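One structure below.
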Amino acid sequence: MLRARRLASAVLAASLAVGGLSACRSESSVAAYMGSAGEITEQELDKVWNEAYDSLTDQARAEAAEAEKAQRETEKKREEAGEKVIPAPTVTAERAQVPFTRTQVLQALVGHEIYGRLAAKHAVQLPADVPYAQFAAEKKLPADSTYAKLYIENYYLRGLLTQSLVSSATPTDQDMRFVYDQLTANGGVEPGQDYATWRSAQGEQNLQAVAAAARLREEVKATADELRVKLNPRYAFDLTVLGVEGEAGALDLLTADFDDRWSVPVADAS
C-alpha cells in the first residue's frame, strides 16, 4: 500500500541508481508532430511494439523447448527404471503478451525528446551505471528492447531533473490536493484521514518533491510548446512528472498534459 512518505521516491530513486493543425496535416499515419524534432509515425510505434513482441515470442519458445526437453528426459529415465510411461502432451509456447501499449510507446518517445532537451538545459546526465537489465526485470519489460531503454532513461532523467529543481518553494494547495486525491483513490492515505490532517503531516522532503515536480511540469509544457508538439487524439496521453510505485504498479501523482491535439475522427488505439 502506498504511503505519503513515499512521495519523494521518484526523486530519491533517480539519485540512487501546442494550436490546432490544418486538415492537410492531419494524416492518420502520424502519431505526433514534434516541430524541429520531426514527426513520430504509427509505423515507428508498431516497430517498437513488434520488436518487443518478437523478443517475447522467442523467449517463450525457448522456455517451451527447454520444458519439453526436460519432460522427455524425465520420461526416459522413468522408462529405463522399468516404469510404464504415457508421454505427456507436447509443451507449447504461450502467446506473447507485450506489457505496454502503442500509446505508451509514443509517451516514451515524446518524453525522451522532451526530457533529453531539459537535461541538456540543466546540465543533467544519466549515470554511467544505469542498471538497465535489473530495472527491466523489475518492471517485467523485455530486456534490451527499445521501449525498456526509453522507459528507464525517462525514469532516471525525470528524477534527476526534479532533483535539480528542488528549492525551498512551497507547493500550491491545488497541487497538494491533487496528490492527496490520487493517493486516496489508490489506498495511499490512511482510511478516514482528511486533507488538512494529511497535509499537516507532510515533511519538508515531500513538500519539496511536489513543488519541484510542479516546476518540472511547467518546463515540460514549455518545451512542448517550443516544439509545437501535436498529438494524434487516438494516442492521447499525459506525461508523468511525479509518481510512486505501489503494490498495484506505478501511480501518477502529477502529470503534464498536452492540450494541442488535432481533430481527427479516429478509433481508439491501444
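Atom set for the values below is all heavy atoms of this structure, side chains included, hydrogens, waters and symmetry mates excluded. Quick note: residue numbers are just sequence positions, from 1. Since we're looking at a predicted model, the values are computed, not measured.
Here the side chains of P142 and F100 are in contact, with some heavy-atom distance below 4.5 Å. Side-chain contact between L239 and V110 is absent, with no heavy-atom pair separated by less than 4.5 Å. Side-chain contact check for L118 versus T223: some heavy-atom pair is nearer than 4.5 Å. At least one side-chain heavy atom of Y53 sits less than 4.5 Å from a side-chain heavy atom of R95. Taking the side chain as every heavy atom from C-beta outward, R217 and T255 never approach each other to under 4.5 Å. Side-chain atoms of P171 and L207, non-hydrogen and from C-beta on, do get closer than 4.5 Å to each other.
For the residue pair V105 and L45, the shortest heavy atom distance occurs at CG1-CD2, 3.8 Å. Annotation for R102 and D46: closest pair NE-OD1, 2.6 Å, computed over non-hydrogen atoms. Minimum heavy-atom separation, A213 to T162: N-CG2, 4.0 Å. Nearest heavy-atom pair, Y235 versus F237, reported as atom, atom and distance to 0.1 Å: O-CD2, 3.2 Å. When all heavy atoms of E68 and P89 are compared, the pair lying nearest together is OE1-O, 4.3 Å. Here the shortest heavy-atom pairing between P99 and K140 reads CG-O, 3.4 Å.
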Check against ring pair (Phe, Tyr, Trp, His ring centres under 6.0 Å), Y155 and F135: CA-CA 10 Å; Y155 180 90; F135 201 114; 5.0 Å; yes
Working for side chain to side chain contact (heavy atoms under 4.5 Å, CB included), residues I40 and L106: CA-CA 8 Å; I40 300 173; L106 181 62; 3.8 Å; yes
Step-by-step side chain to side chain contact (heavy atoms under 4.5 Å, CB included) determination, V220 to Y115: CA-CA 8 Å; V220 165; Y115 285 141; 3.8 Å; yes
Verdict with supporting geometry, E153 and Y132, side chain to side chain contact (heavy atoms under 4.5 Å, CB included): CA-CA 9 Å; E153 291 185 356; Y132 288 100; 2.6 Å; yes
Criterion side chain to side chain contact (heavy atoms under 4.5 Å, CB included) on V179 and W198, from CA distance to verdict: CA-CA 11 Å; V179 170; W198 173 85; 4.1 Å; yes
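Looking at Y147 and Q104, their side chains never bring a donor and an acceptor atom within 3.5 Å of each other.
Looking at E44, its side chain does come within 3.5 Å of a backbone N or O of T41 through a donor-acceptor pair. Not one N or O on the side chain of E39 forms a donor-acceptor pair closer than 3.5 Å with the backbone of A31. Looking only at distances, no side-chain donor or acceptor of Q182 sits under 3.5 Å from a matching main-chain atom of L254. Side-chain atoms of N154 come within 3.5 Å of backbone atoms of A108 as a donor-acceptor pair (strictly under, hydrogens ignored). Without hydrogens or angle criteria, D194 side chain to T197 main chain gives a donor-acceptor distance under 3.5 Å. Within the 3.5 Å criterion, the main-chain N or O of L161 finds a donor-acceptor partner in the side chain of S164. Of the possible donor and acceptor atoms, none in the side chain of N186 sits under 3.5 Å from a partner among the backbone N and O of G188.
Hydrophobic clustering (ILVMFWY, side-chain heavy atoms < 4.5 Å, transitive): L56 and V91 are in distinct clusters.
Counting heavy-atom neighbours within 6.0 Å of Q174 CD, excluding the residue itself, gives a total of 12 or less. Within a 6.0 Å sphere centred on CD of Q193, other residues, nucleotides and ligands contribute more than 12 heavy atoms. Atom CG of D58 sits in a crowded spot, with more than 12 heavy atoms from other residues, nucleotides or ligands closer than 6.0 Å.
A cation-pi contact, defined as under 6.0 Å to the ring centre and within 45° of the axis, links R177 to Y195.
Between R72 and E75, at least one side-chain nitrogen of the basic residue sits less than 4.0 Å from a carboxylate oxygen of the acidic one, meeting the salt-bridge criterion. Under 4.0 Å is where a charged nitrogen must lie from a carboxylate oxygen, and between D257 and K221 at least one such pair does. Ionic pairing of R117 and E226 is not present here: no N-O contact between side-chain nitrogen and carboxylate oxygen is shorter than 4.0 angstrom.
One finds the CD1 atom of I114 at 11.5 Å from the CG atom of L109 (value rounded to the nearest 0.5 Å). Of the inter-residue distances, the one linking T146 atom OG1 with N50 atom CG reads 11.5 Å to the nearest 0.5 angstrom. Distance check, rounded to the nearest 0.5 Å: CG of L231 to CG of D238 gives 9.0 Å. With rounding to the nearest 0.5 Å, the separation of CD in E94 from CD in E63 is 9.5 Å. Here the OG1-CG distance, from T170 to D175, works out to 12.0 Å after rounding to the nearest 0.5 Å. The CD atom of E218 sits 11.5 Å away from atom CG of L165, with the distance rounded to the nearest 0.5 Å.
With sequence neighbours excluded, the residues satisfying salt bridge (charged side-chain N to carboxylate O under 4.0 Å, His left out) with R78 are E83.
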